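Computed from a predicted model, the values in this text were never measured in an experiment.
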Amino acid sequence: MNTPFKLPSAARVRRFAADNVVVLIFLFVTAIAVPSSKLSGTYIIQDLLTRYGRNAFLVFSLLLPIMAGMGINFGMVLGAMAGEIGLIFAVDQGIAGVQGLLYAVLVGAPIAILLGWIAGQVLNRARGREMVTGYILGFFMDGVYQFVVLYLMGAIIPITSKAITLSRGYGIRNTLGLDSVRQSLDKLLMLKVGPFTLPMATYLVIALLAIFIVWFRRTKLGQDMRAIGQDQTVSHSAGIPVERTRIVAIVISTLLAMVGQIIFLQNMGNMATYNAHRQTGFFAAAAILVGGASVAKATIPNVLVGVGLLHLMYIVVPPAGARLFGSAQIGEYFRDAMSYAVIALALALHAWRKRANAESARAGLRGAASGAVDPAKTEGGAA
Amino acid sequence: MKRILKGLSLALVLVVAFAGCQKQAPDAEGPAKAAYHIGVVTGTVSQSEDDLRGAEELIKRYGKVADGGMIQHITYPDNFMDQQETVISQIVALADDPLMKAIVMNQAIPGAAEAFKRVREKRSDILLLAGEPHEDPLVIQEAADLAVNSDFISRGYTIIWAAKELGAKTFVHISFPRHMSYETLGLRRQIMEAAAADLGLKFAFETAPDPTSDVGVPGAQQFILENVPRWIEKYGKDTAFFCTNDAHTEPLLKQLLAYGGLFVEADLPSPLMGYPGALGIDLTAEAGNFPAILKKVEQAVIDKGGSGRFGTWAFSYGFTVTAGLGEYAKNVIEGKAEKGKLSDVYVAFGEFTPGATWNGGYYIDANTGVRAKNHILVFMDTYVLGKGFLPTTKQVVPEKYYSIKFQK
Amino acid sequence: MSAKEVSGAKAPLRVGTRRAAALVLVAAAYLGAGAWAMLTGKSHTILVDNKPVAGLEAFRLVEVAVGRQEPVELGRGERDKFAVQGQRHRVKIDLMNGTEPVTTTIVLPYDAKMVLLSLPKLAAGVEPAWEPFETGQDAPPPAADELPEELFGAAIDPAPPESVGD
């Protein structure tokens, strides 16, 4: 009686470890780095609180495409670009404060919808290769963005403010000061708790988004997306418009990324006109994967845990590296390597897990036929 | 499942290995603790080695904070344009140290102004010094206590003048759109173009890939390696080449040595800029000793038949700015120098460049004619390898070049 | 983003009208939000000026407040500035001599980046008390497209003074 009782619990521990490898490794590294960074607790917590406000929205924008079985939407940089174009116009028109941000969202929205629709069309033609296609699409649109912002703005697209154009008369400056909208959302409702300042308005926006996502999952469209994420062929025969629903998922993701980028940049107070969006997709993807999501399954807790862990590492590892290894560069390289390693590990794990599940499902079938059921394996098959 | 566990244990081993290193680092906090700290922010070896060596020189002199010394050195990411969040928060993290009294950043890449603003919000007592700022002059002037650029206005003229001295008939300027959108680099290119016309040289512009883009440093360097022979064929051997990017310099020098062509000086000149890699020489023994480095580089260039065709500054600009600004910060904190006094800056720079002549002045905004008291421009004599110094700092730059406005 | 029209074979007309209504609603919300953001978010700089003008004496000492911002004290011939958003502003003038503070509302045109508000005029009830103010530095390019490239490029572009500091 002893052996069958012990087996599942050991398996469960192993399963838990396997499911959360990425999170565990991350916790481990960060736990080592925190004391050696010699940063004060107040600083770490405050920076973490700021970074939540800055990044969480962007990471949320990845949820829907994952739900629809399209993997991580690296094409979200398209949305980020739309947000930047919105901000350029808000600054140019001299519209300040939260209104400036709203204006940027309104200008960015049609662009994001258009870009999202294009991306959706492309991804529908690249089924099964959505992630890499989205990634390359981001590079392509980056070129288009540069062309528009560096050559068309001020030449064909009217730009009135001389402060943001290159003095040749067209093209936007390399670094755009966002003084007029700088931290306007954050400062709208600043809550002071002890030594910490909490940008409540930003948190509120993020909370609303989380509620929207919870609600959206229950709608017909959300159900359709989940069905498509499970099996496209079955969904298709069940009468779900697969292609259209996938496009909608990408459009919403692009729109959210647009808003997310605006929130990100209003906190930064400064926009690298031609580069700010380049790594947006990468950082968001790293965050959600660190949070324990896979390319096939992601939840709101994944986002929250991921943003916290990834950014905790970003805060503590460079100074810890500088102190431990006696060289500033190594900490910096370690931070960089870790974040890429996480993505690679998460992608590889996903592939392994998929195969392992398929194997144990087969084993379960065989086991059922011969009459001797191995509880651990059937459980694995059900996961 | 087994594979997963294998992967997990492998990762754990890696992490432990990394963590294991920490025990070797001495955590001993000596009794002689520095009364204040200076934060130094530079690029890494792969992006801008000279800047980093300057920080190491400061550490050698004043010790690092971890050992009870004065200097806290950190580096910004290689792809800093894409990671402004990291850049900014790293700098702000320096201000978390209550003993921090100054932050020296070389190069002050985009994001520096915002980071300085944030530091100032938290700690108005910290002295903020920017070396070679990338952001618009007016933006950095507002945020920093002092900004130092290589004199992009005077050098727009003097580099062309020096090219003519070397016997150039054509001047080829290699760059890419991101750099050309910087006021400092774009304006210098315009001045060069005007000076070339005045001094009777043909001016040409060639585009090369941006190393911070997706091709990366290897792709950009490959491009230069492949194209220089073609360019020499196109423009002739009496052509001086100039590139605005540090990563482009090494392959450019290598090909110029092999195929002919002239090189006045790098964008941020130094005997270490490009030469060691292009010549394949080992300078570990000479590290930090610039006269010795210069001698060795010169010998190698002469051996390869490049005598009289290649120039540089006798001391590294990047090295001097990092170390010099650190020294200046120390002097200001200790009350030995005055904040914003040009001569005190030169004294601090001279500490690391014995015997060299510096020249320069305050930045003057071409649009308003206003002199910025916290932004200085510096340059020094060009040293032609195998030939000796050119009197660059003695040249009088015609007034008209100072009023050229950035427009292309 | 309604998925309804897919199953709308039953009553195509009703769904069609509902969809149109939703579209109109979205468009109206979009335009409304845009108009609100533009009108209330547009930033202007008001230079408050205590200089004698058109036969009116300057005040010896005056305290001015625009909207809810901190009041500023101005001596004779002094000038200060307020950065504001939106077009309608209450300006409170206190002569600091025991008399009741005077509050007036001024309405600025949407496209005036910077206006010069004369306090003596405002107190005397002269309409309008403000005039547009051109810095010559960040003036909007008048008919930029007619200017030749070089001329246009040669104009000045420092950061606008109101963006200084935060």
Side-chain angles (χ1 to χ4, degrees), chain A residues 14-15 17-18 21 24-25 28-29 32 36 38-40 42-43 47 51 54-55 139 146 150 166-169 171 173-175 177 264 268-270 272 274-276 278-279 283 314-315 318-319 322-329 331-336 341 345 348-349 352-353 356 360 380, chain B residues 1 3-5 7-8 11-12 14-15 18-19 21-22 25-27 40 42 44-45 52 55 64-66 72-79 81-86 88-90 92-93 96-97 110-111 113-114 117-118 134-136 139 177-178 181-183 186 212 214 367 405-408:
Chain A
R14 272 208 320 226
R15 274 254 326 275
V21 170
L24 291 176
I25 292 179
F28 187 68
V29 173
I32 293 172
S36 7
K38 295 245 173 86
L39 292 170
S40 65
T42 347
Y43 174 80
D47 204 12
R51 281 161 178 256
R54 188 151 67 197
N55 290 291
F139 282 132
Q146 283 204 18
L150 194 56
L166 294 167
S167 22
R168 65 182 183 188
R173 288 188 169 222
N174 188 41
T175 307
F264 177 85
M268 298 284 288
N270 189 356
Y274 302 104
N275 303 68
R278 286 248 176 100
Q279 297 231 319
F283 281 142
Y314 280 0
I315 296 166
R323 275 169 220 265
L324 290 182
F325 304 109
S327 159
Q329 306 188 72
E332 173 48 37
Y333 284 139
F334 186 61
R335 180 193 69 81
D336 225 28
L345 185 65
L349 276 179
W352 278 332
R353 210 172 284 155
S360 53
Chain B
M1 196 66 76
R3 287 211 186 98
I4 298 173
L5 284 179
L8 173 67
L12 275 177
L14 260 177
V15 169
F18 262 109
C21 299
Q22 71 176 308
D27 210 18
V40 181
T42 68
T44 63
V45 164
L52 179 118
K64 66 172 102 160
V65 168
Q72 177 68 53
H73 178 213
I74 60 168
T75 55
Y76 50 76
D78 280 353
N79 51 348
M81 281 309 283
D82 305 349
Q83 301 199 16
Q84 289 209 334
E85 183 177 21
T86 309
I88 292 172
S89 69
Q90 279 180 339
V92 179
D96 184 46
D97 178 353
E114 173 66 24
K117 245 188 236 172
R118 285 179 192 226
H134 290 211
E135 283 161 305
D136 287 334
V139 173
R178 174 173 67 91
S181 77
Y182 289 3
E183 190 109 31
T212 70
D214 46 316
N367 293 316
K405 285 166 193 160
F406 180 44
Q407 51 191 252
K408 267 199 195 148

Check each atom of [X] against the heavy atoms of chain A and say whether the ones under 4.5 Å are side chain, backbone, both or neither.
X: B/E85; result: both
X: B/V40; result: neither
X: B/Q84; result: both
X: B/D97; result: neither

Using a 4.5 Å cut-off on heavy atoms from C-beta on, say whether the side chain of [Y] contacts that of [X].
X: B/Y76; Y: B/T44; result: no
X: A/R51; Y: A/I315; result: yes
X: A/Q279; Y: B/Q83; result: yes
X: B/M81; Y: A/R278; result: no

Which one of B/D82, B/T42, B/N79, B/V45 has the most heavy-atom pairs closer than 4.5 Å to chain A?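 Of the options given, most contacts go to B/D82.
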
For the interface with chain A, which of B/I74, B/L52, B/T86 has the highest count of heavy-atom pairs at distances below 4.5 Å?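 Of the options given, most contacts go to B/T86.
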
Quiz question: by atom type and distance under 3.5 Å, do the side chains of B/S89 and B/R118 form a donor-acceptor pair?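 Distance-only check fails for B/S89 and B/R118.
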
Apply side-chain contact (heavy atoms from CB on, under 4.5 Å) to B/A113 and list each qualifying residue two or more places apart in sequence or on a separate chain.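 B/A113: side-chain contact (heavy atoms from CB on, under 4.5 Å) contacts with B/E135, B/V139, B/I140, B/A143.
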
Heavy-atom contact with chain B under 4.5 Å, split by part of A/N270: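 It is both, since atoms from each part get that close.
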
Using a 4.5 angstrom heavy-atom cutoff, name the option from A/F139, A/Y333, A/F264 with the most pairs to chain B.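 The option with the most such pairs is A/Y333.
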
Name the option with the most non-hydrogen atom pairs under 4.5 Å to chain B; the candidates are A/G177, A/A272, A/A276, A/A348.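 Most pairs with chain B among the choices: A/A272.
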
Nearest 0.5 Å, what's the CG-CZ distance between B/D136 and A/R173?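 Output value for this atom pair is 4.0 Å.
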
